[in-house]
Every structure is written in structure tokens, then in C-alpha cells.
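These notes concern the structure reproduced below.
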Amino acid sequence: MKFGVVIFPGSNCDRDMMDALRHDLGQEVIPLWHKDKDIDSFRTEDCIVLPGGFSYGDYLRCGAIARFSPMMQSVIDFANKGGKVLGICNGFQILCESGLLPGVLLRNENRQFVCKNIHLISDNDTTLLTKDITGKVLRIPVAHGEGRYYADNETLDNLYKNKQILFHYCNEYGEQKGKINPNGSLRNIAGICNRRKNVFGMMPHPERATSIALGNTDGRLILQGLMQRAEVPA
Amino acid sequence: MEVTVETAKQLGLTEEEFNQIKDILGRTPNFTELSMYSVMWSEHCSYKNSIALLKTLPREGGKLLVKAGEENAGLVDIGDGWACVFKIESHNHPSAIEPFQGAATGVGGIHRDIFTMGARPIASLNSLRFGKPEDTKTQHLIRGIVHGIGYYGNCFGVPTIGGEVYFDACYSTNPLVNAMSVGIVRVGKTVSATSYGEGNPVFIVGSDTGKDGIGGASFASANIDEDSAQDLPAVQVGDPFQEKKLLEACMEIVETSALIGMQDMGAAGITCSCSEMSAKGEHGMRIDLGKVPTRQPGMKAWEMLLSESQERMLIVVKKGREQEVLKVFEKWDLNCVQIGEVTGEQRLKYYLDGKLEADVPAESLVLGGGAPVYHRETKVPAYFEKIKQVDADKIQVPKDLKTIAEKIISQPDIASKRWIYTQYDSMVGTGNAGYNALSDAQIALVKGTKKALLMTTDCNGRYVQANPYKGTMIAVAEAARNIVCSGGQPLAITNCLNFGNPYNPEVYYQFSEAIKGMGDACRRFDTPVTGGNVSFYNQSPDGPVFPTPVIGMVGLLDNLNLHTTLGFRQAGDNIYLIGQSRNDINCSTYLYKILGEKYSPAPHFDLEEEFSLQKMISILIQAGILQSAHDISDGGLFTTLLESAMVNEVGFNIQANKDIRKDAFLFGEAQSRVVVSVREGDCAEFERLLGGMVYERLGEVVEENIIIDNENWGNIVDWKEKYDTVLENLMEKEEVVS
């Protein structure tokens, strides 16, 4: 399998993602330019990543312009065919804006950008990304100004019912107690997937935690999930 | 419009300077030309009141590949075919007026200085000074400035990995905002800010040119041209998204090798880039201003020439290779418009609508060329008398030192800056190896090598105020100490010299003494000055700010395994103080902020003693025997111990030195001291390595409590909570709408 990393103007975690996948996880990576649309070489077992950053300057609304780029049209088709797509931070915002994932990401509750290590936990054994790491507390950095996940109650209830919650923010012991939520997201949600479980979005940055030199390799555990063959229901 | 000496004075030039311009041109300049001289000969561009002294600083040697002043920033060899470029610059005055945009464009400007040389910025730092933290106005400035730095840096995608923040009433009206950028480049792949080769095309690239920034220069008074002046926003407006695209495009055109030269546009915009590049390359330019992409119609020639619109570059391309360059800018959806060409005669000729608007020799505008150089008068400051009258030894040692310790670590200068730094993306770029491994200096990986760069900004303005010569040596020494304690070797410095009005002889005394101290210290540490920035006129109605020569230092860590962190690791380790404990509370946070004594001499400092200390720390780190190293600086020994203990939430149990006043022992800020921790089994070898070095064993790392002379001062978690939340508690009160 191989990875594609989409580069929008204003992406700034594209290189980080490529470095992490290539050097820390030994994967083949193909950069994909936003003005192109040819991804015919990608098969559904491959994965396309929308990296973090400020695509198109985050003008209008985070991710609102990126969804109209030529490459995103191809990515949307790819996802609809069952191909794996991962959006990190700004990439998550783009996935929500393009309708591949439900809900929106609002400005952080305290109206400030936040960058720090947070803790994450998953109890979802039904997705590729999480099934091997359920119950494990992961330390991963966040860095965003608009990461407060929001959806109406019915949508939220459905997300839980269909096992679409990837991660919750938690404390270092895995409990959802105290000041654990960096942005005020509803129900401490840090990441979700679509119902078909081939499109993943999360605010925290696993690519910033894959290297011994940075003193944190928890992010490898998340990205490794994508390297497995998907068993996507039709 | 008739140009007279009155016009010149309104633009901030002196009569003498006006006559000099007439001599250069052999005629009276027109308004456009006069405007160009007024900005190029302003303090900001010409360094006319500082350059004579700056030239006394060591500007070569060490690992310097390019001398200071030859390019936008000095180039330092870091081995393996890589070089490092770094610079610090002030944006004090714009930030005082409009904190958000002022700080944001300060960050944008300093990054452009780095990537205009072909280097990719990998880290930024900032050094900030504010007035009293409890003042509403100060809090408004903090909010705006921190937001501005974050807004620009986070989007631009370069991590903000360090810096310093101090508070003092002297900075109330005039905060200091100094931003530093550090970049790396392959040796031989740098781009020069030059222009030559008759017939080579000159392009303007990046954003459109608007009227922003003009009002911030010499045009503050409205009677120059009342109609246009009314519209001028005083401060530039930054667009980090444009700059991110500009960065990537510039990195790509460097690879084409189709460039003759490139220079960013900062102060004095087109005028500055054209004249500096032409003067350096000993050629001229013919520019058609009508081709400059503008944000609004009807801009006058002088407006275009002086505009400080952000995110623009001037590039000179080898004739015949224009298409390669145009293609790159088209890819990134950026302007790239030919506005003129290089000429053989060394003059700059600007046309608009076919009319010659300005015709001046390039050389005459620039620093090192025709720009004036002044030697200013100095006078020993009157307040030195007050310092002499203070005898800190007469102060009684207080009984309750624990309460004093709590007050010291609750000073916003000392306490955690978490409220600030969590608003900066410190981890983008995946090179900040210090986020999960705190050390005295910040650390950025040089990807593709096994090396890392260590970097720090340092300056305690209080010490410099007390003794400009010694205080500035201390700033350099502390920067070097931070790098050495982190396991590295200091390479070079950049400086940002924030002072009051240079026409005040007392201020100029401070300036000249500071330069002397910096020179002496830099020569001793073999850290040449790669460049920097002078910011005069930092004043409030009560007088000048503390003289604040901020030192930005970069060092090299050859081997990541030698990276030494500041946190105590495990209970049972021995804690040592290397260096001499002294009966010295002068100029300390304790004396100044807690006891309220505003005048006292600078703390003890001896350059040779410092140099030996740093050599010893290097030897110990190379021997792999230290579990942690953390230097003693603001707040004194207690603060240092607490900072080391908080990292892994352990405690410490120490005995005070009975020969020293206990307040001086715990809170004094005498220099040249480092606290280290050593495993029990390594202590014999450690003490052998120390040889004749002065040291004392303080005690040991314990599970969770702070114990001093057998007195329990409480749990580390409680101390940490106090230390972490000081600034948050101040800033997260209900914001007052002003």
C-alpha cells in the first residue's frame, strides 16, 4: 500500500506527515498538489491524508475553500469508493466541510489557539485506526484555534450508536475527568469516522509523535492502523 | 510642490542632511527624492547614530561564513554542508500602537529576512517586555501581542519554541517586541541581496503594494500632503498565508539558480531593496512604477516607493531565464511582475506614466555609502549616584523565607509563561526536541543530520540599567551558559538593542557601555555578532526604558545524546551547586520586586570566572555524568531548584551554606553558578572531574517535598500549581472592553 499527502496552499504539516510516514513508519508517500486531480494510481487499500495547516489561509472558514479544490473532488470520489482518508486538524475541518464527516469544528471555547500535549483514549474496536489500541492512553500534541467538535444531539447519538467515535480526550489515567478537553468539544470528542469507517478525522497530530528524537512515539500506534488492509463493508 | 529645508525638517531630516542631499544631487531634490532620503537616512535604515559603535563588535571569526552586515543576516557553518542563518529584530513602536498587527508583522518581517537568503526558517523565539502586569493597559498589550505572534507564526508554520518575558513599569508605554528567526541552508545555496548585469530584469513578487506602513515612517505629521495622509494606516497589515506561499515559492526559485539576487521588502519598501541591492552589486536600475501591482488606483510615486506593504520581495533574474521564475510564482498564485531592469550606471531612476520621478545615486542612500554617520555625546547617568548610596548588606535577613520564596515565584517574570506559550504552535515542523525534554536553551533538530541547534534569547534589563557594561556582559554570558548547560557549543549571536533617545547623552552612555560589554564578552566566548537591529527612542513620559540589549544566541549540539535537560530525574540523586555562593542580593528579583529597593549595583559577575565555569560544565556533560543541569538566574537558587524539581514532580532536600546570608543563598542572583544532579554512584568520579573548581553539595533529590535546613516547605505539586497559574489568573479575569 501507499500514502498520498495532499498539499494545499497554506498546508504546513504536509512535510511533517510525509517525514513521519516515510522515515518513522517506512511507508511510500506520494505528494498530491491541490490543483491536480489525478489519483488513478491509488487503490482503496491506499490512504490519502489531508494534513494540518491553514489551507487557503483559512479564509471564510477553516477548510471551507479547500473542499472546492480539484484534488478534493478526487479525494471525495476516492472516499466514496471506499478508499481510506485521514484528516488531521485542518484536514479534519476539510472533511467536515466537504460532508465526508458529520458535524463542524468551532472556535475553541476560550477563543485562544492551543498547542500542548493532551491525552487520548479509544474504546472503539470496530475501526482500523483504533482497534489495536483500545483502552490505551496516548499522549499526542494538539495545535489549533478551531477544534471544538460540535453536532446536534441526534447526530451525536448516532455517532455513538454506530461506533463512529475514534477518540475522547482524557487525563493521563484514561479518565474523562478534570481539565482534559483543550477546546470544549462536545462529549470530549477528539476524533470521529464516517459510518463506513474508511474516512477518519481527528484534531490531535499523531505525526508529531512518531520519533524518538522528539521524545514521543505514541503517534505511530495510530498511524500504523492505516497500514492494514481495510475490511470496508460495501 | 516646492521643496525647502522646512519640507526636509518635516520629514525628519536636519538642515545639514538636506544640504548634503543637495550636494550629492547637484540640485535641490524633488519631493519624491527627498522622501526616499528621509526614510533611508532614518535611524531605522541607516543606523546613523549607532553604526560607528557597532563596528567595534567582533563580526568575524568563529564559524562565520559571511561577516555581519554583508547580507541580511550572518551565515554560520554547522558542518555536514549545512549553515545556519539567524537574526532578531524589534517591532516595538508598531506594537505599542496596534499590538496585534505590530507583533504579527514583526514576526513576518524577521522570517522574510531569513528566507530571502535562501534559508528555510526552522524556529522562532521572541523576547517581550511589558509594564506592570496588573495594569489593564498592559494586559491589553499582552493579549494583542501574544495573539499577533501566534496568529502569524502558527499559520506561517514555523514553531515558536522559546523566548523570555519581563515586566517593569518602565515598559508601560513602550513595550518591547523582539522576534528572532533561525533558518538553515545548504552551504553554497544561499542567495545574495545584490543586483548586477546590465539588462537583467527586475521583478516585484508577492503581495500588492498599498498605502500601509507609510504613516509609520517619517510621515506622521499630516501637513506633508494632507489629503493622502488622512488615509494612511500607521501600521502595516500582515497576511501569513501570503508569506507561507512566498516562502515556498522562494525556496523553489532558489533551486532554479536563475536568480542574481533577492531582497525582502521591509522598512522603506521598494526604495530600500532597490538601493541596497544596486549599491551592493555596483549597478543601477531603471524602474517603471506604473507596473507595480497596487492595491488601489492613483498611488503617487513616493507612496509606492515608501510603502511598507508586507509579504513582498524584489528579485533580479538572469536575462533569458524569466520563464522558470514566472512558472513558480504562477504555481503558488503569487504576483511576479517585471518592473524594470538593471542598468550600467550606478543610479536609480524611477518613472511613472513616462515621467522621470526620481533620479539618485544608489550608493548615496545606503548605510556604508552616503548615509550619514554620527558620534553622539555621552554622559554618566545621574541615577548612578543613587545606586552608590545603597548598601544591601544593611538589610536584615527576614525570618519567614518561605513566604518570600512564594512571593518570588509568584512574580509574573519568574512564574510559568504557560498562558503565553500554549497560544504558539511550538511543535509544527516536528523539530522541537525540547518540548518533551526541557533544557536551558531551546533545541531544534537539523533534519537530515544527527545535529541540532540550540538557541536562546537573554537580557535582564535591570542589570543593564544598574551597570550597562557588566549587565550586557551578563546577557551574553547567560545566553552562552544556557547553551552550554544544554550540552552545546555557542556559535554566534544576534542582538536587538532597545534603548531610549540617542540624543540624550545619558542614554548614549548606556548604549556605548553596552556595546563595550557585548564586545568583550563575545570575544571571550568566541561568539561573533552576525547582525541584528537597533531600536532607539523607546521612551515613556517618565523617561527611557531600561537599556535592553537582547542577545539571541545559537549554539550547536553535535550529538543528540549529549542534550542535557534541566529537570531532576529521580529521588536519591545528589544535587550540587557548581560555582561560588556569594553574599550578594544586588539587583535581584528579591531585592527589587519583593523588598522594593529600586537602586542597587548589578550582581556579581566576572568574565573569567564565567568562562571557567562553562568549560567545566562542558567537560562534565561530555563525560556523561550529569543527570540534569540548570543555571541560576532570575529569582536565584531557590527558583532554579524549584524549576528542576517541577519537571518530573520530585522534591529536594538541601542544606544552606552557613557562611552566606540565607536570603542571599536562596534568592541572590550572583552570576556564574549552575545546579546539577548526579547519581549517587557517579559522585566520586564527578568530584574528581571538578578538580579545583569551587562547588558545594547541596543535598539530594527526594520523592515530593521541598526541605530546606530540615524545614518542610511543602509538596512540589502545590508549588507547581502556584507557579503555573500566576499569569493565567491575571489574564483570565474578565476582559475589560476598552
Side-chain angles (χ1 to χ4, degrees), chain A residues 7-20 22-24 33-36 51-59 62 65 89-90 108 110-118 139-146 179 182 204-219, chain B residues 120 143 146-147 149-161 239-249 330-334 418-438 443-448 450 452 560-561 563 565 728 731-732 735:
Chain A
I7 303 167
F8 299 102
S11 293
N12 63 26
C13 303
D14 46 336
R15 291 157 175 278
D16 301 352
M17 182 55 83
M18 290 191 261
D19 284 351
R22 279 180 184 147
H23 304 138
D24 299 330
W33 182 240
H34 71 114
K35 288 182 186 173
D36 297 334
F54 291 71
S55 59
Y56 302 90
D58 273 354
Y59 292 142
C62 299
I65 303 177
C89 200
N90 192 230
N108 296 349
N110 71 354
R111 297 178 296 152
Q112 286 173 4
F113 189 94
V114 58
C115 174
K116 61 180 181 184
N117 284 326
I118 50 87
R139 186 176 56 139
I140 304 286
V142 290
H144 56 252
E146 305 188 18
K179 291 185 200 166
H205 288 268
E207 81 281 7
R208 295 185 181 188
T210 58
S211 133
I212 293 162
L214 299 182
N216 188 354
T217 54
D218 284 1
Chain B
R120 180 177 281 279
R143 264 191 199 92
V146 170
H147 187 203
I149 291 170
Y151 163 78
Y152 208 101
N154 297 349
C155 177
F156 185 57
V158 173
T160 303
I161 68 172
D239 182 346
F241 171 60
Q242 282 290 100
E243 177 134 315
K244 168 67 174 165
K245 294 197 298 173
L246 190 59
L247 163 72
E248 297 303 335
E330 197 190 315
K331 173 184 167 189
W332 288 98
D333 300 312
L334 288 166
R418 183 170 80 176
W419 185 87
I420 293 173
Y421 69 72
T422 51
Q423 296 186 53
Y424 303 149
D425 192 337
S426 51
M427 291 183 266
V428 64
T430 54
N432 180 0
Y435 193 88
N436 296 318
L438 279 184
I443 172 171
L445 302 176
V446 180
K447 287 192 176 178
K450 299 210 179 312
L560 273 179
N561 294 331
H563 183 217
T565 49
E728 306 176 346
M731 296 303 299
E732 285 176 4
E735 186 172 0

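The analysis underlying the following values was restricted to heavy atoms, covering all of them including side chains, and did not include hydrogens, waters or symmetry mates. Chain naming here is simple, since letters A, B, ... match the order of the sequence lines and numbering starts at 1 in each.
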Exercise. What residues, two or more places apart in sequence or in another chain, satisfy side-chain contact (heavy atoms from CB on, under 4.5 Å) together with A:R15?
Worked result: B:R120, B:E248

Exercise. What pairs with A:P206 under side-chain contact (heavy atoms from CB on, under 4.5 Å), at least two apart in sequence or on another chain?
Worked result: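 Expected list: A:I88, A:M202, A:I222, A:L223.
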
Exercise. Side chain, backbone, both or neither: which part of A:S211 has an atom under 4.5 Å from a heavy atom of chain B?
Worked result: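 Contact with chain B: none, neither part.
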
For this session: Please flag which part of A:D19 lies under 4.5 Å from any non-hydrogen atom of chain B: side chain, backbone, both or neither.
Result: side chain

Are side-chain heavy atoms of [X] and [Y] found at a separation under 4.5 Å?
X	Y	answer
A:K35	B:D333	yes
B:T430	A:T210	no
A:R208	B:V428	yes

Exercise. What orientation do A:Y56 and B:F241 show, parallel under 30°, tilted 30 to 60°, or perpendicular over 60°?
Worked result: tilted

Problem set entry | Closest approach of A:A213 to B:A433 (non-hydrogen atoms, all atoms of both residues) | O-CB, 3.5 Å

Shorter than 4.5 Å, heavy atoms on both sides: which option in [options] has the most such pairs with chain A?
options	answer
B:D239, B:L560, B:V146	B:D239
B:Q242, B:K244, B:H147, B:M427	B:M427
B:G434, B:G429, B:G431, B:A452	B:G429
B:N154, B:V158, B:L247	B:N154

Exercise. Is there a donor in the side chain of A:N117 and an acceptor in the side chain of B:N436, or the other way round, less than 3.5 Å apart?
Worked result: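 The criterion, which ignores hydrogens and geometry beyond distance, is satisfied for B:N436 and A:N117.
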
Exercise. Atom SG in A:C13, atom CG in B:D425: separation rounded to 0.5 Å?
Worked result: 7.0 Å

Exercise. How many angstroms lie between atom CD of B:Q423 and atom CG of A:N108, to the nearest 0.5 angstrom?
Worked result: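 Here the rounded value is 10.5 Å.
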
Exercise. Contact part of B:Y435 toward chain A, heavy-atom cut-off under 4.5 Å: side chain, backbone, both or neither?
Worked result: side chain

Exercise. Can you say whether B:K331 sits under 4.5 Å from chain A via the side chain, the backbone, both, or neither, judging by heavy atoms?
Worked result: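 Interface part for B:K331: both.
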
